Amino acid sequence: MKYYVTVPIYYVNAAPHIGHFYTTMVADALKRFKTMHGYDVVLTTGSDENSVNVERAAAARGMSPGDYSAIIAEEFQRTWRDTGLGVDRFFRTSDPRHHATVQWLFQRCQENGHIHKGSYTGQYCFSCNLYVNDAKAGDPCPDCGRPTETVTEENYFFKLSAFQDKLLALYDEQPDFMQPEIRRNEVRSFVKEGLKDLSITRSNLTWGIPVPVEGKHIFYVWFDALVTYLTAVRDENLWPADLHLIGKEIIRFHAIYWPAFLMAAGLPLPKRIFAHGWLLFENDKMSKSRGNIVRATPIQQVIGIDALRYFLLREVPFGADGSFSYDALVGRYNADLANGLGNLVSRTLSMIHQYRGGAVPSSQNDAGAEVAAKAQEVLATFSAAFEAFEFSRALESVWSLLGVVDKFIVKQAPWTLVKKTDEASQQTLDTTLYTAAEVVRLATVLLAPVLPESARKIWAQLGMNAPLESVRIDQLAWGQLAAGQKTLTPEPVFPRIDAKIAIPKMIELESVEKARQDALLGKAKKEEEAPSNIAPLEPVITIDDFGKVDLRVGRVLTAEKVKGSDKLLHLTVDIAEPQPRTIVAGIAEDYQPEPLIGRKVVIVANLQPRKLRGITSQGMIVAASLPDGPAFLAGFLEDAPIGARLK
RNA sequence: GCCGGUGUAGCUCAGGUGGUUAGAGCGACGGUCUCAUAAUCCGUAGGUCGUAGGUUCGACUCCUACCGCCGGCACCA
């Protein structure tokens with residue numbers, strides 16, 4: 001039985017961080033879980049290298065796109081190696097085999113009549129690789145806020161519009177195709193609104209995969225990147241994938257474009273797509289500009305990679321956004337891993353050593369029956385939850401078992417039994433120790449996919465001979481632990497962590513790691529200090545060009561929210577004309593209307609009027625912003641006269 | 001604005017088809033055992049179950065409106 005799971009190929013615009021780790025680690029845990037059910041699992045990922053952005057970033061560092069990408073691709077692979085993630089194939093989009101697959105897929109679509117040529121003039125965001133509909137020259141990209149650039153191209157189009165009904169049928173007939181359900185609904189309603197044909201080539205780049213035969217056009221990044229899922233296993237009869245694991249930001253590409261491409265080429269569709277949420281840092285979005293990005297390896301160095309794996313799978317309900325914080329991480333570690341699992345292993349093995357010479361006794365009576373029943377129940381609960389991607393619930397069920405055993409041990413009080421010489425007490429002591437050890441064994445197997453390193457240690461301490469990885473979870477049952485087995489002297493698997501020491505250490509190592517990655521990317525020190533999402537400078541203009549822009553000092557007379565819009569404010573502004581100007585400004589998320597009244601602002605006074613939500617905006621208000629940040633209105637420290645022109 | 005989700009103890013969350021004193025884990029506090037990693041175990045902590053109405057013999061659980069938060073779409077020229 002095969003199981004093919006993918007995580008995205010990661011874009012080489014950034015070095016790996018905890019978000020990349022999250023997706024990949026979940027895939028790794030699933031892989032281990034499936035392997036322990038007898039599946040041959042293949043996990044693939046790679047690097048997404050073909051884009052103008054990469055070309056530009058490489059050029060800025062005086063490198064070729066290939067060399068630049070290679071450095072980052074290696075950095076990703078190194079991270080997966082260091083953190084023990086079982087990635088089977090790492091595919092670079094620059095790989096010639098991949099080029100062949102993309103071209104092959106294109107030709108199949110073409111043969112089936114789903115490709116046509118057309119021309120396009122519009123605004124394009126090079127940062128996001130996204131065409132922006134209805135935008136004008138220089139308008140900001142709706143996703144990243146950087147200015148869009150005008151492009152006119154003759155391109156190949158994919159007839160996406162022809163797949164609307166088929167896609168809707170897919171979502172309805174195969175509810176598991178897109179999960180969680182929330183995401184499926186979003187995708188469905190998006191498709192229902194209507195699909196436009198998709199331009200799948202570009203003619204303005206050189207770094208990428210050329211269209212077959214003619215060779216002038218380069219494939220659009222998503223026609224390229226998604227196809228690595230095919231390329232990675234092309235000769236292995238593994239397609240279709242059993243699971244695409246993705247982050248919620250790339251749902252549209254996976255749940256709409258990708259199945260449409262495959263349908264057009266007459267290929268089987270992936271069985272399921274699961275989109276997880278984002279990891280926030282203490283409830284804030286992680287971003288370069290906030291400087292709150294966390295990496296996996298510094299955490300690994302201080303408390304081990306298993307602690308991070310456990311935290312992410314236990315603390316965050318899979319699918320929803322989750323919050324990472326060092327406090328919560330250490331809290332989980334101490335409460336669940338050190339005090340819970342680690343301590344149970346420790347006390348169990350220690351008693352077996354002191355009371356029974358380090359050999360697991362056999363169960364003599366039914367003193368442990370309730371624990372056994374609970375364990376059987378947890379075996380079922382755990383696997384069902386894990387299959388359903390409810391990792392948090394799965395882990396919770398194991399800990400509920402650990403809690404039962406801890407209570408059981410106290411109730412039986414082996415330390416009292418050992419002092420009694422009667423047969424019954426000795427039998428109960430044996431049974432108690434066996435019961436505890438059997439729970440440790442079962443829990444260790446169940447937890448192996450989540451805590452691979454630690455489980456292996458516990459397994460060894462228990463004296464188990466068979467390799468843990470080869471144990472079949474679906475064949476686990478109570479009572480399989482062999483009596484007489486020799487255990488090792490326990491050593492703490494999860495030593496308690498002092499948050500006061502560990503957290504500063506992690507933070508310190510984090511900054512070391514960041515510096516190392518920055519150096520790797522050839523970032524200069526000065527550049528590093530500036531927020532890296534500052535919009536790139538526009539091309540040089542002449543003084544005459546600037547002279548065309550008529551900026552005026554104005555005073556806000558009235559301000560109110562525009563009905564039906566989250567972002568628009570309806571302002572009237574006095575710029576010393578007979579009539580005040582009506583201006584619609586997209587600042588409602590950052591400014592309340594009332595406090596604006598009376599405020600002096602800067603207006604672009606000669607902008608072509610435009611209707612917004614039924615109101616004609618006669619100009620534009622000047623504000624500063626970072627791509628994902630709030631707007632700041634321009635103003636004056638002195639009392640600038642209304643109507644004065646800015647030059 | 002439209003669509004969807006959500007709002008339960010300090011924190012993270014459970015609470016099919018309405019019905020005795022609303023639950024768990026963590027944290028906090030008190031106590032205990034001593035096998036154990038100052039761990040375990042026991043007990044306590046008493047939260048208007050977002051707000052206001054409504055249906056009902058009875059609602060956290062159903063309905064309506066409103067508020068807050070999250071997401072998608074629209075939109076941010």
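This is a predicted model, so every value here is computed, not measured. Values below: every heavy atom of this structure, side chains too, minus hydrogens, waters and symmetry copies. Numbers restart at 1 for each chain; the letters A, B, ... are given by sequence-line order, proteins then strands.
Spacing between atom CG of Asn334(A) and atom C1' of U37(B) amounts to 10 Å, rounded to whole angstrom units. Atom P of nucleotide G4(B) and atom CE of Met178(A) are separated by 19 Å, given to the nearest angstrom. With rounding to whole Å, Trp399(A) atom CH2 is found 19 Å from C13(B) atom P. As a whole-Å value, the separation of Glu186(A) CD from G4(B) C1' is 7 Å. For the pair Leu349(A) CG and A39(B) P, the computed distance is 20 Å after rounding to whole Å. Remark: P of U12(B) and CZ of Phe391(A) are 22 Å apart, rounded to the nearest angstrom. Going from atom CD of Glu193(A) over to atom C1' of C3(B) covers 9 Å, rounded to whole Å. Nucleotide U37(B) holds its P atom 17 Å from the CG atom of Leu337(A), rounded to whole Å.
Under the side chain to side chain contact (heavy atoms under 4.5 Å, CB included) test applied with Val360(A), the options Thr487(A), Thr348(A), Leu349(A), Leu433(A) reduce to a single match, Thr487(A).
Look at the P atom in both G47(B) and U8(B): the space between them is 15 Å, to the nearest Å. For the P atom pair drawn from C76(B) and U6(B), the interatomic distance equals 30 Å after rounding to whole Å. Rounded to whole Å, the C1' atom of U40(B) lies 43 Å from the corresponding atom of G58(B). The P atoms of G23(B) and A28(B) are separated by 23 Å, rounded to the nearest whole Å. If you take atom C1' in G19(B) and the same atom in A24(B), they sit 23 Å apart, rounded to whole Å. The same atom, C1', is picked in G71(B) and in U64(B); the two are 25 Å apart, to the nearest Å. The gap from the C1' atom of G50(B) to that of A9(B) amounts to 15 Å, rounded to the nearest Å. Distance check on atom P: U48(B) versus C11(B) gives 13 Å, rounded to whole Å.
Using a 30° and 60° split on the angle between ring planes, Trp258(A) and His244(A) fall in the tilted class, from 30° to 60°. Note: Trp222(A) and Phe253(A) have parallel aromatic rings, judged against thresholds of 30 and 60 degrees for the angle between ring planes.
Side chain of Arg581(A) to backbone of Ala605(A): a donor-acceptor contact under 3.5 angstrom is found. A donor-acceptor pair is defined here as one N or O able to donate and one able to accept, closer than 3.5 Å; no such pair exists between the side chain of Ser346(A) and the backbone of Gly342(A). Counting only distance, with no hydrogens or angles, the side chain of Tyr355(A) and the backbone of Ser350(A) share no donor-acceptor pair below 3.5 Å.
Distances from the side chain of Lys248(A) to the nucleotides G71(B), A39(B), C13(B) place G71(B) closest. With distances taken from any side-chain atom of Leu568(A) to the nucleotides G71(B), C76(B), U37(B), the minimum falls on C76(B).
Among residues at least two apart or in separate chains, ring pair (Phe, Tyr, Trp, His ring centres under 6.0 Å) pairs with a member in residues 393-427 of chain A are Tyr310(A)-Trp399(A).
Taking Ile615(A) as the reference, Val562(A), His570(A), Thr582(A), Val584(A) meet the side-chain contact (heavy atoms from CB on, under 4.5 Å) condition, with sequence neighbours excluded. For the side chain to side chain donor-acceptor pair (under 3.5 Å) test, residues two or more places apart in sequence or in another chain that qualify with Asp430(A) are Arg356(A). Residues forming a salt bridge (Lys or Arg N to Asp or Glu O under 4.0 Å) with Glu377(A) (at least two apart in sequence, or on another chain): Lys374(A).
If you find the closest nucleotide of RNA chain B to Leu402(A) and to Val345(A), the one lying nearer the 5' end belongs to Val345(A). Comparing Pro317(A) and Asn185(A) against RNA chain B, the residue whose closest nucleotide sits nearer the 5' end is Asn185(A).
Summarising the geometry of Leu481(A) relative to Ala437(A), their closest heavy-atom pair is CD2-CB, 3.6 Å, with the distance given to 0.1 Å.
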Base-pairing string, 5' to 3', of RNA chain B - Watson-Crick or wobble, under 3.5 Å, | interstrand: (((((((..((((.....[...)))).((((.........)))).....(((((..]....))))))))))))....
Summary of protein contacts for nucleotides 22-36 of chain B, nucleotide by nucleotide, where a base hit scores B, a sugar-phosphate-only hit scores S (4.0 Å, heavy atoms): ----S------SSBB
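In this structure, Pro414(A) reaches neither bases nor backbone, as no heavy-atom distance under 4.0 Å exists between it and the strands shown. Heavy atoms of Val418(A) sit nowhere under 4.0 angstrom from any nucleic acid atom.
Applying the 4.0 Å criterion to OP1 and OP2 of G72(B), one finds that Arg188(A) has every side-chain N and O outside that range.
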